[in-house]
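All figures in this text were calculated on a predicted structure; none of them were measured in a lab.
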Amino acid sequence: KVKVNKDKFSFDWGGTIEEAQLLNKKENDHVKFRFLNKPDHTFVEFKIKVDEITKDVALVVVDFVDANEKEESKELWDKQIEDLLDAMGL
């Protein structure tokens, strides 16, 4: 769940809440955030990619993680995307 309060975004990861700042956005293309409790060079970005031939749509998640967190982060995002698809009835 994400709550917006002016320029602050609160991401609720099943009980763990992280505050984020919007770094960049382009309508129907991408949004990029920096979490306020993480180092300045870290970010998470959501991109929408549309295949020009098939018109298939993909959601691409780019998340900065330390090497020792890579597998845990992948599992988290796999679960989040699974929940999203389930909520959409797909």
Side-chain angles (χ1 to χ4, degrees):
K1 225 181 347 180
V2 179
K3 293 182 182 177
V4 181
N5 184 4
K6 297 185 182 177
D7 61 344
K8 189 184 291 183
F9 293 76
S10 298
F11 287 77
D12 185 340
W13 308 105
T16 301
I17 297 175
E18 289 188 283
E19 304 290 332
Q21 168 189 13
L22 180 67
L23 295 178
N24 196 323
K25 71 176 180 177
K26 182 177 178 185
E27 189 172 338
N28 297 319
D29 187 72
H30 73 275
V31 292
K32 185 174 184 178
F33 298 96
R34 182 183 75 79
F35 290 106
L36 301 179
N37 63 335
K38 304 282 185 184
D40 286 348
H41 65 280
T42 64
F43 65 90
V44 64
E45 184 173 29
F46 303 96
K47 299 179 186 180
I48 299 171
K49 296 291 182 183
V50 180
D51 185 283
E52 292 182 20
I53 297 171
T54 66
K55 303 300 181 204
D56 287 343
V57 178
L59 174 63
V60 179
V61 179
V62 179
D63 187 10
F64 179 93
V65 295
D66 292 323
N68 63 333
E69 298 174 325
K70 187 175 179 179
E71 189 58 35
E72 180 182 340
S73 182
K74 182 182 179 319
E75 289 174 12
L76 169 72
W77 283 113
D78 285 348
K79 176 68 173 131
Q80 295 294 326
I81 298 299
E82 180 182 312
D83 290 349
L84 175 62
L85 291 171
D86 188 48
M88 294 171 53
L90 300 174

Do [X] and [Y] touch side chain to side chain, with heavy atoms closer than 4.5 Å?
X	Y	result
Val44	Trp77	yes
Asp66	Phe64	yes
Leu22	Asp7	no
Phe35	Thr42	no

Hey, quick one: are [X] and [Y] part of the same hydrophobic cluster, counting side-chain heavy atoms closer than 4.5 Å, chains of contacts allowed?
X	Y	answer
Phe9	Leu59	yes
Val2	Ile81	yes
Val61	Ile48	no
Phe43	Val31	no

What's the separation between atom [atom1] in [X] and atom [atom2] in [Y], rounded to the nearest 0.5 Å?
X	Y	atom1	atom2	value
Glu45	Leu23	CD	CG	9.0 Å
Phe33	Asp63	CZ	CG	12.5 Å
His30	Lys49	NE2	NZ	9.5 Å
Lys3	Glu19	NZ	CD	10.5 Å
Lys32	Lys25	NZ	NZ	15.5 Å
Met88	Asp83	CE	CG	12.5 Å

Using every non-hydrogen atom in the two residues, find where Ile17 and Ser10 come nearest and quote the distance to one decimal. CG2-CB, 4.2 Å
Identify the heavy atoms of Ile53 and Asp51 that sit nearest to each other, and give their distance.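 Closest pair (atom of Ile53, atom of Asp51, distance): N-OD1, 2.8 Å.
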Counting only heavy atoms from other residues, nucleotides and ligands, does the tally under 6.0 Å from CG of Asn37 exceed 12? yes
From Gln80, Lys79, Lys74, residue fulfilling side-chain contact (heavy atoms from CB on, under 4.5 Å) relative to Leu76: Gln80
